[in-house]
Every structure is written in C-alpha cells, then in structure tokens.
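Okay, structure first, notes after.
Quick note: residue numbers are just sequence positions, from 1. Whatever order the structure lists them in is the order used to number ligands and atoms, beginning at 1.
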Amino acid sequence: MWYVGDLSSGHWVTGFARLLGLILVVMSWGRFHEVSCLLGELSMVDSLTGLQNRRACLLRGQAEFARMHRTGEQLSLMFIDLDNFKTVNDQFGHKAGDRLLRMTAAELRRVLRHSDFAVRLGGDEFATILPGTDGAGGRSLAEIVHICLNRLFEIAGFDVSASVGVATFRAVPAHFEEVLQRGDELMYEIKRAGKDGVLQRDVE
Ligand SMILES: Nc1nc2c(ncn2[C@@H]2O[C@H](COP(=O)(O)OP(=O)(O)OP(=O)(O)O)[C@@H](O)[C@H]2O)c(=O)[nH]1
C-alpha cells in the first residue's frame with residue numbers, strides 16, 4: 001500500500017499556497033522586467049512622432065563617437081529646424097502643428113538611410129546622426145532633405161520651410177552636449193541669414 005500523506009491535513013493546502021506564491025513571484029518578476037524594458041524603450045521615443053528623442057540621441061551619439069574613435073571615420077550630424085512653425089499653430093491650431101511635425105518625421109524616415117539615426121530633439125527641431133559621412137556627403141544629403149521637406153510643406157499648404165545645418169566632426173568632442181551646441185550655432189547662422197537654407201561646417 002502507498003502512503004500518500006494525510007489528505008485531510010493542512011499540509012497540502014500550505015504547500016499549494018507556497019507553490020502558488022512562488023509562481024506569482026516569478027510571473028510578476030517577468031512582468032516587471034517586461035514593463036521596465038518597455039518603459040526604458042518609451043523613455044527613448046518621442047510620443048508625437050515615434051522618432052527617437054533627445055535622450056536616445058545622446059546615447060547613440062556617444063556610441064557612434066566611440067566607434068569613430070576606433071575606425072577614424074568622419075561623422076556628421078544634421079540639424080533640421082522648421083521656419084515659422086509657430087504661424088501654423090497660430091493660424092490652424094495646435095493639432096495642425098502636430099500633424100505637420102508628424103509629416104516631417106515621416107518624410108525624414110523616407111529620405112534617410114535606416115542607419116541614419118533620426119530624432120526629434122524637441123519642438124520643431126530634428127536631428128540625424130550620419131555615421132561615416134564626410135562634409136560633402138553631409139551637405140548633399142542636407143540639400144535633398146531641404147528640397148523634400150519644402151516640397152512636402154508646399155503640397156500640404158503650409159507656409160513654412162526648413163533650415164538644415166550639418167556639422168562634420170573630424171575629432172571626437174569631449175562631451176556630446178558640445179555637438180548639440182554646434183547644431184544650435186549652425187541654426188542660428190542660417191536663421192540670421194534669412195532662414196530656409198543649408199549650411200555645412202567642419203568641426204576640428
Ligand atoms: N503643435 C505643436 N507645437 C509645438 C510643439 N512643441 C513646441 N511647439 C511650438 O513650436 C514653436 C517653436 O518655436 P520657434 O522655433 O521659435 O518657432 P518658429 O516660428 O519656427 O521660429 P523660427 O525657427 O525662428 O522660424 C513654439 O511656438 C512652440 O509652442 C508640439 O509638440 N506641437
């Protein structure tokens with residue numbers, strides 16, 4: 001005769017409760033891990049356009065500069081800022097402005113290579129990291145982006161244009177924030193010269 005224990009005792013219940021508890025802990029850890037991965041990804045994504053955001057740009061930029069340090073390749077960054085975007089919000093409302101920002105992001109995705117990491121830095125400012133791209137390559141891509149965006153805005157009936165600046169790095173900057181500062185300077189130069197233009201600069 002087999003001994004299967006005293007089924008009427010509370011041991012089975014206690015054992016079962018412990019097992020159930022263990023399963024719940026394992027499951028909730030799995031969910032926690034899943035949720036924290038998802039939150040990590042979301043914190044890198046711009047919710048309006050679905051492009052990567054400024055934080056992602058910093059991380060990816062640092063990784064690309066480390067690669068550049070090893071390979072000796074040049075690296076360019078393209079900065080795109082819409083001209084007179086505020087007038088869209090003012091004339092047609094915030095939703096129309098949002099639509100225009102989403103359209104801009106979609107056009108950047110269409111025009112750029114998959115390896116050219118496109119981000120929305122904030123507001124109407126976008127950027128893209130162009131690994132292995134020298135000044136001439138960066139400038140010709142900037143001209144294409146400029147033409148494509150302006151054509152898109154015209155077709156959509158918005159009286160806005162794009163200012164596109166490219167900073168080409170030959171040496172690795174000490175801090176990636178320095179790179180974004182170069183972008184601000186380039187943009188300032190284009191805007192001061194009358195907006196709606198393309199400008200490329202080598203950064204030593
Ligand atoms: N619709 C919408 N507007 C935004 C968003 N984020 C920022 N803005 C607006 O974008 C505008 C950006 O300011 P500016 O770059 O000075 O506007 P601008 O008219 O393009 O100026 P210039 O660059 O000098 O031509 C501000 O009016 C913000 O309120 C957003 O997520 N959606």
Point to revise | Electrostatic pair Asp98:Lys95 at N-O distance under 4.0 angstrom | key: no

Check your understanding: Salt bridge check: are Arg192 and Glu189 linked by an N-O gap of less than 4.0 Å?
Key -> no

What closest approach, in Å, do [X] and [Y] show between heavy atoms, and which atom pair accounts for it?
X	Y	result
Ile80	Met187	N-CE, 4.0 Å
Gly97	Asn89	CA-OD1, 3.5 Å
Met44	Arg55	SD-NH1, 4.0 Å

[X]-ligand 1 polar pair, N/O distance under 3.5 Å:
X	result
Leu82	yes
Asp83	no
Gly97	no

Review point. Hey, any chance Val164 and Leu121 share a hydrophobic cluster, counting ILVMFWY side chains that come within less than 4.5 Å of each other, even indirectly?
Key: no

Looking only at protein heavy atoms, which one is nearest to [atom], and what is the separation?
atom	result
atom 25 (O) of ligand 1	Asn84 N, 2.7 Å
atom 8 (N) of ligand 1	Phe85 CE2, 4.0 Å
atom 14 (P) of ligand 1	Asp124 OD2, 4.2 Å
atom 32 (N) of ligand 1	Asp98 OD1, 2.6 Å
atom 23 (O) of ligand 1	Lys191 NZ, 2.8 Å
atom 7 (C) of ligand 1	Gly123 CA, 3.5 Å

Point to revise | Ring centroid separation Phe65 to Phe169 under 6.0 Å | key: yes

Point to revise | Centroid-centroid under 6.0 Å between Phe79 and Phe126 rings | key: no

Point to revise | Ligand-side contact atoms (ligand 1) for residue partner Asp81, heavy atom cut-off under 4.0 Å | key: 23 (O)

Review point. For ligand 1, which atoms, with element, lie under 4.0 Å from some heavy atom of Asn89?
Key: 1 (N), 2 (C), 3 (N), 4 (C), 9 (C)

Point to revise | Sub-4.0 Å protein heavy atom near atom 16 (O) of ligand 1 | key: no

Practice item. With the side chain counted from C-beta on, respond yes when Thr168 and Leu130 share a heavy-atom pair under 4.5 Å apart, and no when they do not. Key: no

Review point. Just going by heavy-atom distances, which of Arg120, Lys86, Lys195 is nearest to atom 5 (C) of ligand 1?
Key: Arg120

